[in-house]
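What follows is a single structure, written as structure tokens, with notes after it.
Within every chain, numbering begins at 1; the chains are lettered A, B, ... in the order of the sequence lines, protein sequences first and strands thereafter.
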Amino acid sequence: MGIFTNPSSPSFTRALHIKDRFLQSFDSLKQLKHVHSQLIRIGLDQENYLLNLLLRSSFDFKDTHYTRLVFHQTHEPNVFLWNTMVRGLVSIDCFKDAIASYASMRREGFSPTGFTFPFVLKACARLLDFRLGLKLHSQVVKLGFSCDVFVNTSLVSLYAKCGYIEDALKVFDDIPNKNVVSCTAIITGLAKCGNMERARLLFDEMGEKDIVSWSTMIQGYASNGLPKQALELFHNMLDHGLKPDCYAMVGALSACARLGALELGEWASSLMNIDEFSINPVLGTALIDMYAKCGSMTKAYDVFKGIRAKDRVVWNAEISGLAMNGHIPAAFAVFGQMQKYGIPPDGNTFVGLLCGCTHAGLVNEGRQYFNIMVRILSLAPTIEHYGCMVDLLSRAGLLDEAHQLIKSMPMEANAVVWGSLLGGCRLHRDTQLAEHVLKKLVELEPWNAGNYVQLSNIYSASHKWDDAENVRSLMGERGMTKLRGCSWIEVCGIVHEFLVGDTSHPLSEGIYSKLSELDKDLRAAGYVPTTEYVLFDIEDEEKEHFLGCHSEKLAVAFGLISTGPAEVIRVVKNLRVCGDCHEAIKLISKITGREIIVRDTNRFHCFSGGTCSCKDYW
DNA sequence: ATAGGGTTAG
């Protein structure tokens, strides 16, 4: 029996006093230890209720040494103390220790309670240990917790995190009293495996929605490449009178980043106290990334400067942003700063740096960074690093060396790597190697129509008519639908979408008359439309007249007629920018004196005064 | 007398 059962005991008031002290927070471990010493002095240091509060507070300081000391000095730990131990270890990310602690608890003969399982299952989920999960699940059943909604929600989350969505669904379906949390757990799992339709059905069926469920859906759309749906839901959430939390904000910002929707992104960020972005590095990173992907590095840098506790991810986002926007010396300088501040770089840091080298064609610098990473820092290069190196070498025309590197890689090359080599083939007009690469790409991405189109174009150009025809019929057999080129432009906070040859826009007439006006100007400037790009074109479209109707041209023309003369025109395209359009947009930037930024699947093209920041390589 | 499950950026 504990001290609180006997109010007449002389220690009762002192125990109450100490209990109240535990309900406040502690500024330092020293303060906590002081209260511990008081417990010992007044002889209450074996009072399990108070010890449990002490143990719980001790985890705030992430000092497992002291935590263990408290626990081991307890003569007769009860199940509350064991649960607190497991929970605390999970809360400080010591998942293996948490599981070990659970094992000790069982060895000591304690039977887990309904509270124990959520903690230990969470540890298991974070370790992605499916086998242990199965064992725990059978204990859950054996000990009679199969109807506990808390325990089952943890199981759903565990299976979903490990990628076993069917098992997760099975557990979920059998939960008798589902609630908003268990629904959110399964929605997370469905979103993770890309099944947003089913996730949405469940979401719409949920009676009660809270900020977590909204945020989960928004984030699910954003990370599954459905940014418009993400933003639509974000608006819905606001209409329901909910204020975005940092999770919803990160989802909305990443959707804006994908769409290149700068104004929307700034509007979204204005819904949150601006200080939050300086205090929370996750939020800050999302905002940097949004600005970077919208081509606005000046603003990204302001955010970056303001973030108080810059972790490695913050630094990486800034470096990558600068690199992808072509500010290479600045990217190198920020890397220098990062080292000065003693933040050790990781693999992602080097992806950013190598991407910068590729952008600027700095072959030697790229080789140096690769060596620093591998030889000095002993970081194992991933396929992304090889992709950057292949890109770098290919761009410089070192196609053989790039091809050799692919063959010598410790892993199988993926489509990105082969795609980089193909870029080099395109730039340096090597159709033979391109044919080889495209065959690989068709194998690796049988669903990607662009590869078939390019391969067939190359066959046609080298008069291999039969091969060309075979590729075409293969496309037909596989029921391929060509991915239609699609571009977005945001004007006054509204995202306008254009498809190839689109005439559905309300201002379509104005857009096309602007295009024919530009056509005259371009011809007067001596521009001759080129057909050689057709060879490597991924959009299989008739080019019956110059300045045809590729989506990026439509979007640019719309930008010209609907924005002020000093505004930057920002277009985002879902495919690589077409070569012909690229030439045309360069000249449009010269004739109109406008700055035009086109982000395609590979990189930024900043057109200004008749040239492009990509130096005609993409 | 004590506690619990679900959501974020590269």
Nearest whole Å is fine: how far is [N] [atom2] from [X] [atom1]?
X	N	atom1	atom2	value
Ile18(A)	dT2(B)	CD1	P	19 Å
Phe145(A)	dG4(B)	CZ	C1'	12 Å
Met237(A)	dT7(B)	CE	C1'	12 Å
Lys122(A)	dA3(B)	NZ	P	17 Å
Ile279(A)	dT8(B)	CD1	P	22 Å
Arg126(A)	dG6(B)	CZ	C1'	13 Å
Asn348(A)	dA9(B)	CG	C1'	11 Å
Phe115(A)	dG4(B)	CZ	P	8 Å

On the side chain of [X], is there an atom forming a donor-acceptor pair with the base of [N] - under 3.5 Å, no angle test?
X	N	answer
Asn152(A)	dG5(B)	no
Asp210(A)	dG6(B)	yes
Thr184(A)	dG6(B)	yes
Asp148(A)	dG5(B)	no
Asn83(A)	dA3(B)	yes

Q.
Can you list everything that forms a ring-ring contact (aromatic ring centres under 6.0 Å, His included) with His385(A)? Sequence neighbours excluded, please.
A.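 ring-ring contact (aromatic ring centres under 6.0 Å, His included) list for His385(A), sorted by chain: empty.
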Could you pull out all donor-acceptor pairs under 3.5 Å where a side-chain atom in residues 219-226 of chain A meets a protein atom, sequence neighbours excluded?
unit_1, atom_1, unit_2, atom_2, d
Tyr221(A), OH, Arg200(A), NH1, 3.1
Ser223(A), OG, Gln219(A), O, 3.0
Ser223(A), OG, Gly220(A), O, 3.4
Asn224(A), ND2, Ala191(A), O, 3.0
Asn224(A), ND2, Gly220(A), O, 2.9

Q: Report yes if some heavy atom in the side chain of Thr349(A) is under 4.5 Å from a heavy atom in the side chain of Phe335(A); otherwise report no.
A: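 Side-chain contact under 4.5 Å: yes.
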Q) Which nucleotide in the list dT8(B), dG5(B), dA9(B) gets nearest to the side chain of Ser182(A)? A) dG5(B)
(Q) Looking only at the side chain of Val181(A) (C-beta and beyond, no hydrogens), which of the listed nucleotides dG5(B), dT2(B), dA9(B) gets closest? (A) dG5(B)
Q.
By a 5.5 angstrom centroid cut-off and a 30 degree plane limit, is there stacking between Phe80(A) and dT2(B)?
A.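 According to the criterion (under 5.5 Å, under 30°), yes, Phe80(A) stacks.
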Q | Lys299(A) and Asp302(A) ion-paired at < 4.0 Å | A |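 Looking at Asp302(A) together with Lys299(A), the answer is no, because their closest N to O distance does not fall below 4.0 Å.
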Q: Decide, yes or no, whether a salt bridge links Lys310(A) with Glu318(A) under the criterion of side-chain N to carboxylate O below 4.0 Å.
A: no
(Q) Side-chain N or O of Lys293(A) versus OP1/OP2 of dA9(B): is the shortest distance under 4.0 Å? (A)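 No, no such contact exists.
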